[in-house]
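Here's the structure we're looking at; comments come further down.
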Protein chains: 2
Amino acid sequence: MSQQSSTAPGPDGHGDRQCDRSGQRRATVVDVAQRAGVSTATVSRVMNRNYPVAAATRERVEAAMRELGYVVNAHARALAGTSARTVGIIVSELIDPFYAYIARGVEREATDGDRLCLVCCTQGDPQRELAFIELMHERRADAVVLVGGSVEDRAYKAELARRARELDAGGSKLVLCGRPSLGDGVPTVGVEYDNEGGAFAITDHLITQGHERILYLGGPPGLSTARDRLAGHRRALELRGIARDRELEQPGAFSRAFGYRRMTELLREGLEFTAVFAANDIVAAGAAQALEEAGVRIPLDMSLVGYDDIPVAQDLRPRLTTVRIPLEEMGRQAVRVALNGGDEDDWRAPTTGTLRLGTHIVVRESVAAPRSTLPGSARPRRS
Amino acid sequence: MSQQSSTAPGPDGHGDRQCDRSGQRRATVVDVAQRAGVSTATVSRVMNRNYPVAAATRERVEAAMRELGYVVNAHARALAGTSARTVGIIVSELIDPFYAYIARGVEREATDGDRLCLVCCTQGDPQRELAFIELMHERRADAVVLVGGSVEDRAYKAELARRARELDAGGSKLVLCGRPSLGDGVPTVGVEYDNEGGAFAITDHLITQGHERILYLGGPPGLSTARDRLAGHRRALELRGIARDRELEQPGAFSRAFGYRRMTELLREGLEFTAVFAANDIVAAGAAQALEEAGVRIPLDMSLVGYDDIPVAQDLRPRLTTVRIPLEEMGRQAVRVALNGGDEDDWRAPTTGTLRLGTHIVVRESVAAPRSTLPGSARPRRS
DNA sequence: CTGAAAGCGCTAACAA
DNA sequence: TTGTTAGCGCTTTCAG
């Protein structure tokens with residue numbers, strides 16, 4: 001306990017406001033106004049530069065602000081009516097380049113629009129996601145960007161829809177970035193990329209090189225992102241008249257560990273295939289390691305492709321042929337679309353609009369024609 | 001132009017508050033209180049669970065909140081006295097794993113403490129950094145974490161000190177995470193890692209393997225981080241009685257491109273050395289590529305080490321021996337230290353405290369004894 | 001061009 | 001256990 005046990009403002013009532021532990025209460029508009037000999041309205045006006053103020057007055061006010069070390073209170077400002085100038089972004093993991101690039105786009109676009117960015121990581125937990133949306137709503141974020149694939153759960157989607165409506169009612173927008181819409185009735189905006197098309201294109205690329213037995217590896221079956229990639233893969237197979245083989249579809253985590261482990265197992269089991277389509281570059285990196293350790297050479301003995309085109313694709317040897325997604329651009333568009341959706345002039349602008357960006361394959365060195373069409377050619381050397 | 005040219009709230013004045021574009025004004029405590037037949041104070045109490053409320057009352061209030069789709073206004077709350085429950089983090093680049101891992105630590109610790117995280121990227125521009133600190137101060141962040149090396153500019157440091165004082169006066173803290181203190185007079189807290197020590201250790205490791213001509217590559221001379229690493233390197237050399245060779249110190253950007261380019265040039269010029277200490281793993285990756293293209297084998301013809309131990313260190317072949325920094329832990333400690341620094345019970349707690357975490361080398365496969373002690377052994381094959 | 005005053009939505013004494 | 005009420009710091013009509 002300190003010597004002065006009372007926590008009240010002091011025996012002198014509330015007249016003296018200079019006394020504080022830091023010796024100096026934070027300056028407010030009132031202080032600035034007093035010091036400059038003007039009203040608070042004028043102080044506000046010089047800060048916001050939205051009304052004419054005499055040059056002399058302005059200078060006095062600015063001097064006062066400087067001398068007092070005045071820093072506006074964004075909360076008071078937000079309360080008083082202006083927007084909070086904040087956009088929220090929710091990702092599952094910041095250190096995953098897929099999310100990091102999108103986050104970068106969001107952050108830059110936000111900054112360019114004079115806004116600050118609230119960032120949350122769900123670590124893949126849908127419940128956290130919901131909670132974070134709520135928290136951002138409390139902060140009156142101008143937009144909340146939800147990034148990446150989502151689980152296909154009805155109850156969860158219903159909750160999401162509720163949050164979307166709440167946000168919308170308050171003038172904010174929920175942005176679905178790289179995930180499917182919640183349905184026509186739900187007021188959200190979306191930015192997608194041609195996920196299915198990219199998968200189609202790269203599988204087709206493999207087929208064109210002569211591959212028929214293509215292993216599809218990784219991608220959580222419950223995740224929308226993974227589902228679409230697999231769909232594109234299947235469509236390409238079908239279109240080229242290649243029968244689907246259940247053994248060649250090996251979904252799993254979007255992780256390096258999964259790619260490594262499953263590939264190792266498959267190689268050991270002797271499953272036959274001449275090419276691998278990893279559901280993303282991370283999985284591809286794991287698969288590449290397994291291949292390397294098994295003595296299978298890429299692309300000589302085995303072709304390998306990934307998805308996303310994150311930096312690791314260029315770090316691998318050989319460099320990975322993969323599908324490029326305009327990650328950063330998606331982030332930028334996410335906030336743009338959310339902030340212009342509520343345009344003043346078109347009163348009845350469609351509240352649910354989805355922007356769709358293209359994907360394309362990036363050909364590097366991890367694909368070649370199959371060594372031979374004879375089965376078994378891709379088998380690892382037995383030690 | 002729309003049909004209605006007036007932007008005023010409408011002909012009906014401001015009496016009616018139910019009329020809005022979204023058809024429904026946001027619910028407030030007053031609405032909830034009315035609906036539940038209680039006072040706003042009670043509503044506040046059920047939200048904050050910090051005062052006893054009769055179970056029945058509580059239920060009525062909660063029902064009302066649900067029915068109205070009530071979401072507290074964090075700004076009003078912050079204005080009314082409670083903290084904004086926000087911590088800010090400023091990094092130069094989110095997609096750089098070094099920063100991303102620290103950011104992850106900050107985000108997690110913030111979340112664990114029921115706070116949200118404001119994130120800004122300076123892209124290496126000190127002016128932006130200053131501006132962002134200000135913006136976070138306006139938002140009344142409980143702490144502002146500044147991550148990574150800083151430029152050694154006097155005017156800039158003075159500005160930083162001013163901001164630190166302002167923040168401190170308002171009860172917040174500026175946290176220097178992985179960068180040097182601003183001096184004793186300035187109220188900041190810090191979390192560092194043993195940067196110099198790590199560099200010393202890994203250079204010593206190289207020397208122990210028999211290397212004497214070690215190339216130090218990358219690291220902007222003006223950046224504190226780079227300065228300390230070079231210092232550690234020199235100290236190890238000196239301690240082992242190896243004369244410093246100016247040609248072997250090749251500072252530069254912390255980038256893959258620099259590592260690649262400079263290494264290519266050096267190899268072409270025929271500079272003699274048997275090992276490379278890249279100022280960070282990214283530079284090492286670039287150097288590795290240059291080495292590979294020149295036909296120089298790692299570690300047979302040349303040893304290579306990096307710094308940071310980010311994922312790329314494990315993706316390289318051979319895997320990179322490097323210095324591990326407790327990145328995520330630094331982020332966590334940054335917010336912990338900031339939030340406990342202002343403890344109530346020790347009135348005169350040192351306002352400037354620095355926590356120092358250790359580093360250690362991670363030995364992988366990129367180092368071997370030099371092939372021969374004869375000069376020229378590391379030369380690339382001429383094409 | 002400037003001032004007075006009414007809130008914005010919430011919390012926290014203080015009183016009951 | 002609950003209600004009353006006075007702000008928190010800023011913006012914004014509405015009047016000079």
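Per chain, numbering begins at 1; letters A, B, ... match sequence-line order. As a basis for the values below, the full set of heavy atoms in this structure was taken, side chains included, without hydrogen atoms, waters or symmetry mates.
In the set C:dA4, D:dC10, C:dT11, the nucleotide with an atom closest to the side chain of A:Ser39 is C:dA4. Out of C:dC10, C:dA12, D:dC10, the shortest distance to the side chain of A:Ala80 is found at D:dC10.
A salt bridge is absent between A:Arg60 and A:Glu67: the closest approach of a Lys/Arg side-chain nitrogen to an acidic carboxylate oxygen does not fall below 4.0 angstrom. Taking a cutoff of 4.0 Å between a charged side-chain nitrogen and a carboxylate oxygen, B:Glu166 and B:Arg163 do not qualify as a salt bridge. Salt bridge present: A:Asp112 and A:Arg332 bring a charged side-chain N and a carboxylate O closer than 4.0 Å.
What separates CZ of A:Arg49 from P of D:dT11 is a distance of 13 Å, to the nearest Å. Summarising the geometry, the separation between NE2 on B:His137 and C1' on D:dG9 is reported as 13 Å, rounded to the nearest angstrom. Rounded to whole angstrom, the span from the CG atom of B:Asn50 across to the P atom of C:dA12 amounts to 7 Å. One can place CG of A:Asp31 at 13 Å from C1' of D:dC8, the figure rounded to the nearest angstrom. When rounded to the nearest whole Å, the span between CZ of A:Arg77 and P of C:dG9 equals 18 Å. Rounded to whole Å, the distance from CD on A:Glu59 to P on C:dC1 is 14 Å. Across the protein-nucleic acid pair, B:His75 atom NE2 and C:dC10 atom P stand 12 Å apart, rounded to whole Å. Distance, A:Arg139 CZ to C:dG9 C1': 15 Å, rounded to whole Å.
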List the steps, then state whether side chain to side chain donor-acceptor pair (under 3.5 Å) holds for B:Thr86 with A:Arg139.
CA-CA 10 Å; B:Thr86 301; A:Arg139 253 96 162 166; 2.9 Å; yes
Give the intermediate values and the outcome of side chain to side chain donor-acceptor pair (under 3.5 Å) for residues B:Thr111 and A:Arg128.
CA-CA 10 Å; B:Thr111 299; A:Arg128 269 168 185 273; 5.3 Å; no
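In this structure, B:Val43 reaches neither bases nor backbone, as no heavy-atom distance under 4.0 Å exists between it and the strands shown. B:Ala41 comes within contact range of at least one nucleobase, with a heavy-atom separation under 4.0 Å. Contacts of B:Val38 with the nucleic acid, taken as non-hydrogen atoms under 4.0 Å apart, involve only primed sugar atoms and P, OP1 or OP2. Among the atoms of the strands shown, only primed sugar atoms or phosphate atoms (P, OP1, OP2) are found under 4.0 Å from some heavy atom of B:Thr28.
Listed pair A:Thr57 / C:dT2 meets the phosphate criterion, a side-chain N or O lying under 4.0 Å from OP1 or OP2. Considering only side-chain N and O atoms, B:Thr42 lies under 4.0 angstrom from the phosphate OP1 or OP2 of D:dG3. The shortest distance between the side-chain N/O atoms of B:Asn73 and the OP1/OP2 oxygens of C:dC8 is not below 4.0 Å. For A:Thr40 and C:dG3, the shortest distance from a side-chain N or O to OP1 or OP2 is not below 4.0 Å.
Side chain to side chain, B:Ser44 and B:Asn48 meet the donor-acceptor criterion of an N or O pair below 3.5 Å.
Nearest-nucleotide positions on DNA chain D for B:Arg60 and B:Leu79 put B:Arg60 closer to the 5' end. Between A:Tyr51 and B:Ala54, the residue whose closest nucleotide on DNA chain D is further toward the 5' end is B:Ala54.
For B:Arg45 against D:dG3, a side-chain N or O and a base N or O form a donor-acceptor pair under 3.5 Å.
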